[in-house]
Colleague: 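Below are the structure tokens for one structure; questions will follow.
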Amino acid sequence: MSATQTAPKPRGRQFFANPGPTNIPDSVLLACAHQTVDFNDSNFIEVYDACVAGLKRVLKTEQTVFLYTGSGHAAWEASLVNLLSTGDTVLILESGHFSISWGKMAQDLGIEVQSVAADWRRGVDMAAVRAALAADAARTIKAVCVVHNETATGMMIPVPEVRAALDATGHPALLLADTISSLGSLDFRMDEWGVDAAVGGSQKGLMLPTGMSFTGVSAKALEAHKSSKLPKHYFHWTNMLQRPLKSFLGTVPVSFFYGLQESLRLIEQEEGLENVFARHSRLARAVRAAVQHWSGNNGPQLFCLNPGRYSDSVTAVLMPEGLNADALRQVALKRFNLSLGGGLGPLGGKVFRIGHLGDLNEPMILGTLATVELAMQVAGVPHTPGGIAAAIASLAAA
């Protein structure tokens, strides 16, 4: 091949193992390709109402849901501006890049931010959370923000333990939970866990294109909303409640709802929500088994060091010292057509991420892991070969 030629693009379907957006089932893609309809038409309103009811079932809530055209960041902002006022304080529980980003957004909006710092490899200490809440004698903290599943670090933070910390200290702060990479992949129980605002997005466990997000809102949060003073318009819940569809100030993205209708059918009827959780857990264990096997010979290792907080939707893999994760990702992508997630923030170049959420199965996971091992061999990354056999053993035992 001459210096001016580029390597040919790999043939075959790309293996997409990024943690979001995720693979979209063909039936959902086809459902999204619906002809344009009037969003005020009674036939569409039936679809809309059914989708909202389905979202509530997945969130496990009987309370209010607001929807927006925008990614999960839009729902982050909606939750903050609808519940808080300039100068209010939120407590951010550190878990990785996305918890930090939510805090930075709050600061940009004029909100004071306190953080419970944490080792990103182990996650926030709940005793430190209780201590921070107990120390707030003046009750200046108006909301506690937790990322249920931190995509950047491959870590799950137990929301019920955060609620328990609030209850143990008698603190009245609202509990805000980011479910963007957990909903439809990990069990989430908004009402049972006492979550006041649950932020979600379309592009991960719900297996839809990026571009729609939503917030589940408790009665307590709706009451707090009445005194919120932060500027808002498109995200204004009061204005949304006056709309016939109780969401979307403007045109409703109708195509998403036909896709969501099909996605909910796949989740609830074809597979069953609890079976969806079991599948994600099963596949996640196989991925971790492979990585733990590779870690021999000074190979890559699991970034998360807390087994009780392993994520069932994404695994972050820490590269050996001195080796660049992005170089390995380029080999996987350019040579073998496998897309892996990169490190975010301070983890850039240090970790790669294997997404195992949404529409996937055992062959897809095994193909991904085999190709990662192939890419490591080609790239000269030290590891103990045979991770795929460890994953197979994990799946066979399951």
Side-chain angles (χ1 to χ4, degrees), residues 13 15-20 22-25 58 60 123 148-151 153-160 179 181-189 204-207 263 265-296 299-318 332 338-341 351-376 383-398:
R13 186 167 185 171
F15 266 54
F16 192 82
N18 219 293
T22 60
N23 295 291
I24 302 174
V58 176
K60 297 187 176 177
H148 183 211
N149 188 80
E150 174 59 69
T151 323
T153 55
M155 181 180 298
M156 181 277 302
I157 302 298
V159 178
T179 76
S181 65
S182 62
L183 193 68
S185 303
L186 285 64
D187 194 11
F188 183 81
R189 307 184 180 198
K204 296 186 185 279
L206 292 178
M207 306 177 292
S263 174
R265 187 193 69 81
L266 295 176
I267 291 170
E268 295 188 295
Q269 299 176 31
E270 188 170 285
E271 186 172 11
L273 185 58
E274 299 306 315
N275 292 328
V276 170
F277 300 150
R279 171 170 56 84
H280 279 76
S281 178
R282 183 171 68 248
L283 298 178
R285 289 196 303 272
V287 172
R288 292 193 291 268
V291 177
Q292 288 165 333
H293 186 90
W294 292 333
S295 67
Q301 56 184 277
L302 294 173
F303 184 80
C304 180
L305 295 176
N306 187 339
R309 293 185 176 178
Y310 287 154
S311 166
D312 280 347
S313 62
V314 56
T315 295
V317 184
L318 180 65
L338 168 66
S339 176
L340 299 167
V351 307
F352 66 90
R353 296 175 299 146
I354 302 173
H356 35 82
L357 72 164
D359 185 41
L360 77 166
N361 57 23
E362 286 82 353
M364 295 165 74
I365 285 294
L366 293 174
T368 293
L369 295 173
T371 308
V372 170
E373 188 163 328
L374 172 60
M376 287 195 295
H383 65 284
T384 297
I388 190 69
I392 289 172
S394 172
L395 292 169

Colleague: Between K204 (side chain only) and P19 (backbone N and O only), is there a donor and an acceptor less than 3.5 Å apart?
Modeller: yes
Colleague: Can you tell me how far CD1 of I354 sits from CG of N18, rounded to the nearest 0.5 angstrom?
Modeller: 11.0 Å
Colleague: Find the distance between CG (N361) and CG (L395) and round it off to the nearest 0.5 Å.
Modeller: 10.5 Å
Colleague: Quick one: does H356's side chain have a donor or acceptor within less than 3.5 Å of a partner on H280's backbone?
Modeller: no
Colleague: Should L186 and S313 be marked as a side-chain contact (heavy atoms from CB on, under 4.5 Å) after you check the CA-CA gap, both sets of side-chain angles, and the distance that decides it?
Modeller: CA-CA 7 Å; L186 285 64; S313 62; 3.9 Å; yes
Colleague: Can you tell me if S311 uses its side chain to pair, donor with acceptor, with the backbone of M155 under 3.5 Å?
Modeller: no
Colleague: Looking only at atom types and distance, does a side-chain atom of R353 sit under 3.5 Å from a main-chain N or O of T151, one as donor and one as acceptor?
Modeller: yes
Colleague: Check this for me: does any side-chain nitrogen of one of D312 and R279 sit under 4.0 Å from a carboxylate oxygen of the other?
Modeller: no
Colleague: Quick check: do D187 and R189 have side-chain heavy atoms less than 4.5 Å from each other?
Modeller: yes
Colleague: How long is the gap from CD1 on I392 to CD1 on I365, to the nearest 0.5 Å?
Modeller: 12.5 Å
Colleague: Is the shortest distance from a Lys or Arg side-chain nitrogen in E274 or K60 to a carboxylate oxygen in the other one below 4.0 Å?
Modeller: yes
Colleague: Side chains of F188 and L183: closer than 4.5 Å at any heavy-atom pair?
Modeller: yes
Colleague: Restricting to non-hydrogen atoms, name the atom on I157 and the atom on G123 that form the minimum distance, rounded to 0.1 Å.
Modeller: CD1-CA, 4.4 Å
Colleague: Between L360 and T22, is the side-chain contact (heavy atoms from CB on, under 4.5 Å) condition met? List the steps.
Modeller: CA-CA 9 Å; L360 77 166; T22 60; over 6 Å; no
Colleague: Do M156 and P158 touch side chain to side chain, with heavy atoms closer than 4.5 Å?
Modeller: yes
Colleague: Is there a donor-acceptor contact under 3.5 Å from the side chain of Q301 to the main chain of V317?
Modeller: no
Colleague: What distance do L338 atom CG and L369 atom CG have between them, rounded to the nearest 0.5 Å?
Modeller: 9.5 Å
Colleague: Can you name the nearest heavy-atom pair linking G387 to E373, along with the distance?
Modeller: N-OE1, 3.0 Å
Colleague: Within the side chain of S263, is there an N or O that forms a donor-acceptor pair under 3.5 Å with the backbone of M207?
Modeller: no
Colleague: Show the nearest heavy-atom pair for residues A286 and A391, with the distance to one decimal.
Modeller: O-CB, 3.5 Å
Colleague: For F16 and T368, run side-chain contact (heavy atoms from CB on, under 4.5 Å): C-alpha distance rounded to whole Å, both residues' side-chain angles, the deciding distance at 0.1 Å, then the answer.
Modeller: CA-CA 8 Å; F16 192 82; T368 293; over 6 Å; no
Colleague: If I take atom CZ from residue F352 and atom CE from residue M376, how far apart are they, to the nearest 0.5 angstrom?
Modeller: 6.0 Å
Colleague: Determine whether I24 and D359 satisfy the following criterion, side-chain contact (heavy atoms from CB on, under 4.5 Å), listing intermediate values before the conclusion.
Modeller: CA-CA 6 Å; I24 302 174; D359 185 41; over 6 Å; no
Colleague: Contact between T153 and C304 at the side-chain level, heavy atoms closer than 4.5 Å - yes or no?
Modeller: no
Colleague: Backbone N or O of P300 within a donor-acceptor pair of the H383 side chain at under 3.5 Å?
Modeller: no
Colleague: Less than 4.5 Å apart, any side-chain heavy atom of M364 and any of N23?
Modeller: yes
Colleague: Between R288 and L302, what is the shortest heavy-atom contact and its length?
Modeller: CG-CD2, 4.0 Å
Colleague: Looking at L340 and A332, what are the two nearest heavy atoms and their distance?
Modeller: CD1-CB, 4.2 Å
Colleague: Is there a side-chain contact between E362 and L283, using heavy atoms and a 4.5 Å cut-off?
Modeller: yes
Colleague: Quick check: does any side chain N or O of S281 sit under 3.5 Å from a backbone N or O of A278, one acting as donor and the other as acceptor?
Modeller: no
Colleague: Report yes or no: does S181 contribute a side-chain atom to a donor-acceptor pair with the main-chain N or O of N149 at less than 3.5 Å?
Modeller: yes
